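Below: the structure, in structure tokens.
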Amino acid sequence: MPKRPPEDPTDAFTEAYEAYADAIFRHCYFRVFNRDRAKELMQETFMKTWEYLSKGEKVDNIRAFLYKVANNLVIDEIRKKKEVSLDTLMETGYEPGFDGSSEMKSKVDQWKVLSTFHKIEKSYREVLIMRHVDGLSPSEIAEVTGESPNVISVRLHRGLQQLRTHLKNG
Amino acid sequence: MDDAVELFFGIARSVALTPGERSEVFQALAAAFPGTSRGTVRNGQDVRLTAQMSLTDKNFTGKARTAIHLTAHEKSAVFQSLQNFMKSHPYAGDTMERTEESWSFFDVLRNFRLAPVLASVLVLVLGLGGTASYAAESALPGDALYPVKIYVNEGVGSSLAFSAEAKARLEARRAERRLAEAEELAMETRLTEKSAVYLMQRIEQHSAKAKQHLEELQVEGNAEVAVEIEEEMHTTLLANDSVLQKVAHSRKEGRREIAHLIKGVRELAKGKSPNDGTVVIAAAFSDETGNGDADTFSMKSELAMDAGASSSLSAPALMMDHKAEKSIDKAKSRLETVRLFIGQKPGNHDPQTPVESQLKIEAAESALVEAGVQLKAGSPDEANRLRKESLQNAEEAKLFKKVEKKLGEQRPVVEIAQKTADALWNQSKKKIQEQRSFLDAAKASGSVSVEALAAAELTLIQAQAKLDDAKVKLDAALYDESIVLSRDAARMIVGLKASLIVDQNRQKNENKKKEKNEDPERSEMVPDAAVPVDDLDKVKNDVNGILP
């Protein structure tokens with residue numbers, strides 16, 4: 001049998017980056033609550049993905065793969081640093097400095113969203129992010145997290161309830 | 001899914017990387033994995049990053065990475081910054097000045113005079129990579145990681161700032177950080193004279209650089225943003241003044257060093273208005289279309305009032321409203337942001353929120369509401385003043401949140417000396433004001449010689465300067481020194497009225513002599529109404545009153 005040269009994954013990788021860099025970053029951001037850290041985790045995710053690809057491994061669904069890698073990295077990250085209070089994060093991650101964005105309003109909104117997420121229970125938060133921010137289907141979420149679709153559905157339902165409560169209370 | 005939830009996720013989805021960040025990460029990936037270098041280079045910024053990265057070691061491929069690491073770009077920045085740091089911090093000396101000479105990394109290694117601390121910093125930074133950069137954020141002068149904070153964290157920022165606006169904001173941010181470091185040191189009672197002097201110098205340097213970039217902005221025609229940044233810097237200075245005072249009042253040590261900082265901050269704050277006024281006026285006059293902006297116009301009219309000139313700017317007042325409303329809206333957003341930062345929901349009284357912060361944010365809120373009212377009532381200048389007051393209170397609320405945790409809720413004991421110092425300062429202030437009024441009246445009457453007026457003016461200026469110093473000491477809780485300075489200020493002006501009256505009488509006599517020579521028939525002149533001679537008694541009483 002003739003030897004097939006390994007397909008160059010460069011283009012596929014570049015395309016994946018273009019398509020999903022923001023999404024992966026966003027995902028990490030709402031889970032670790034720190035923009036810089038989220039950037040690093042996103043970079044890490046793509047690096048690991050490249051390593052995997054450059055070894056000649058095949059990936060059917062690059063998107064799911066990226067989320068799987070990111071999810072594992074985030075879990076490791078959270079385990080390493082015990083859940084920090086939003087206070088501490090504000091001192092190291094976010095501070096309302098005068099950074100001159102004319103999109104001040106959107107920054108305020110984003111911050112509100114961040115702090116609301118922080119109030120929601122971790123296991124609900126994760127699935128809410130994956131479903132409604134990342135746009136993954138419940139079965140995709142199940143694949144990424146390794147939980148059963150049933151568990152995911154329950155968490156989604158309860159997560160939305162918590163979210164509604166927090167939004168109502170302002 | 002209902003609207004609120006839909007809106008919520010919509011906002012969440014709007015979080016994104018900036019194009020710069022995106023290409024920055026991509027270039028980092030490209031350097032580590034040559035295979036990806038076929039990605040598109042978007043702009044000059046990317047080219048620069050790539051070039052810098054080609055200098056670094058490319059041997060990271062193939063290694064499984066679970067540890068945190070620096071990007072290629074950050075690593076080269078670290079090497080360069082460590083070189084600079086080690087060059088300017090040789091083991092034998094202990095200066096904090098930077099030198100511009102470059103040193104090869106291998107020279108450093110060969111130099112066994114380096115303190116062990118530096119070697120461990122090296123290990124720390126190279127070993128922990130990104131974590132060190134992260135941890136360095138809270139470093140203070142004297143900490144091992146402080147150079148990483150300055151040269152790496154802040155250094156990376158400067159390599160990414162290209163426009164005059166970005167550079168101005170960067171320098172302003174750096175000045176802010178130095179101030180915050182000084183406050184932190186003061187709170188930990190680690191603030192030495194050397195570090196206070198050093199940090200104040202750095203603050204002045206960064207502020208000066210920021211101003212330069214702001215001038216560039218003005219020249220480019222972007223006056224609106226320049227005024228905005230200017231205002232932010234001013235607000236920061238005033239807010240930090242308050243915080244420094246608070247720290248001084250709750251710590252027995254370090255007050256003199258804090259006084260040095262307060263003095264420097266006040267001088268910087270003063271130094272701002274006159275200069276910027278000139279630049280802004282120039283910019284506004286060069287604007288052919290006449291489309292100035294609200295802030296420009298209101299600053300001009302403020303200055304016009306100061307200079308006593310008549311303002312020909314009342315016509316564009318109607319145009320101002322739109323921009324003025326915009327800046328009030330911006331202030332509203334800022335208040336919102338600070339509220340969230342201090343952890344308070346509007347209308348709630350969260351027991352977790354420090355009291356002082358709460359009070360400040362409430363004050364900011366009411367000032368802004370009043371500003372809106374004033375604007376509608378047709379007083380844009382008053383509205384602008386209130387808006388600035390609001391922003392300052394908001395900034396103080398934010399700073400106090402950080403500070404109050406460290407200082408605790410203790411109500412500082414009002415020291416007895418404080419009351420005396422306070423009273424004496426106010427007394428001297430009143431006296432100087434009286435003398436100022438007297439001098440103005442004398443000037444207006446035209447019955448005093450120019451030389452006497454000039455001499456009196458000079459004395460008053462000197463006395464005022466001394467009084468300002470007394471205030472600095474007072475605010476830094478150095479009560480004894482404040483008392484001495486207040487007394488000195490009052491003493492300086494003791495003879496002022498008398499000297500003016502004496503001169504006035506002399507002028508009168510000379511005039512009388514002249515007229516007698518010209519016209520012998522004329523009767524005695526009626527004395528000028530401006531300054532009655534009875535005042536001499538009042539002067540005597542004043543003199544007795546000042547000296548305790």
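Quick caveat, the model's predicted, so the values are computed rather than measured. In what follows, chains carry the letters A, B, and so on, assigned in the order in which the sequence lines appear, proteins first and then strands, with residues in each chain numbered from 1.
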For the student: nearest non-hydrogen atoms of B/A16 and A/R35, plus distance = O-NH2, 3.0 Å

What heavy-atom pair brings A/A21 and B/L17 nearest, and what distance separates the two atoms?
-> O-CD1, 4.3 Å

Verify, without hydrogens or angle tests, whether A/Y17 (side chain) and B/R22 (backbone) share a donor-acceptor contact under 3.5 angstrom.
-> yes

Only pairs at least two apart or in different chains count here, so list each salt bridge (charged side-chain N to carboxylate O under 4.0 Å, His left out) that has a residue in residues 132-149 of chain A.
-> A/R63-A/E140, A/K68-A/E143, A/E147-A/R155

Cut-off 4.5 Å, heavy atoms of chain B, and the answer for A/L128 is both

What orientation do B/F9 and A/H132 show, parallel under 30°, tilted 30 to 60°, or perpendicular over 60°?
-> parallel

Tell me, with the steps shown, if B/E21 and A/M42 meet side chain to side chain contact (heavy atoms under 4.5 Å, CB included).
-> CA-CA 11 Å; B/E21 286 174 316; A/M42 179 271 277; over 6 Å; no

Taking atom NZ of A/K39 as the centre, report whether more than 12 heavy atoms of other residues, nucleotides or ligands fall under 6.0 Å from it.
-> yes

Just wondering, do A/W50 and B/L29 contact through their side chains at under 4.5 Å, heavy atoms?
-> no

Evaluate the side-chain proximity of A/K112 to B/F8: yes if any heavy-atom separation is below 4.5 Å, no if none is.
-> no

Reported CG-to-CG distance for the pair A/L167 and B/D3, which is rounded to 0.5 angstrom | 11.5 Å

Test side chain to side chain contact (heavy atoms under 4.5 Å, CB included) applied to B/A180 - qualifying residues, sequence neighbours left out | none

Assess whether side chain to side chain contact (heavy atoms under 4.5 Å, CB included) is satisfied between A/F30 and B/V15, documenting all intermediate values.
-> CA-CA 10 Å; A/F30 285 113; B/V15 169; 3.6 Å; yes

Would the B/F26 and A/F13 ring centres measure less than 6.0 Å apart?
-> no

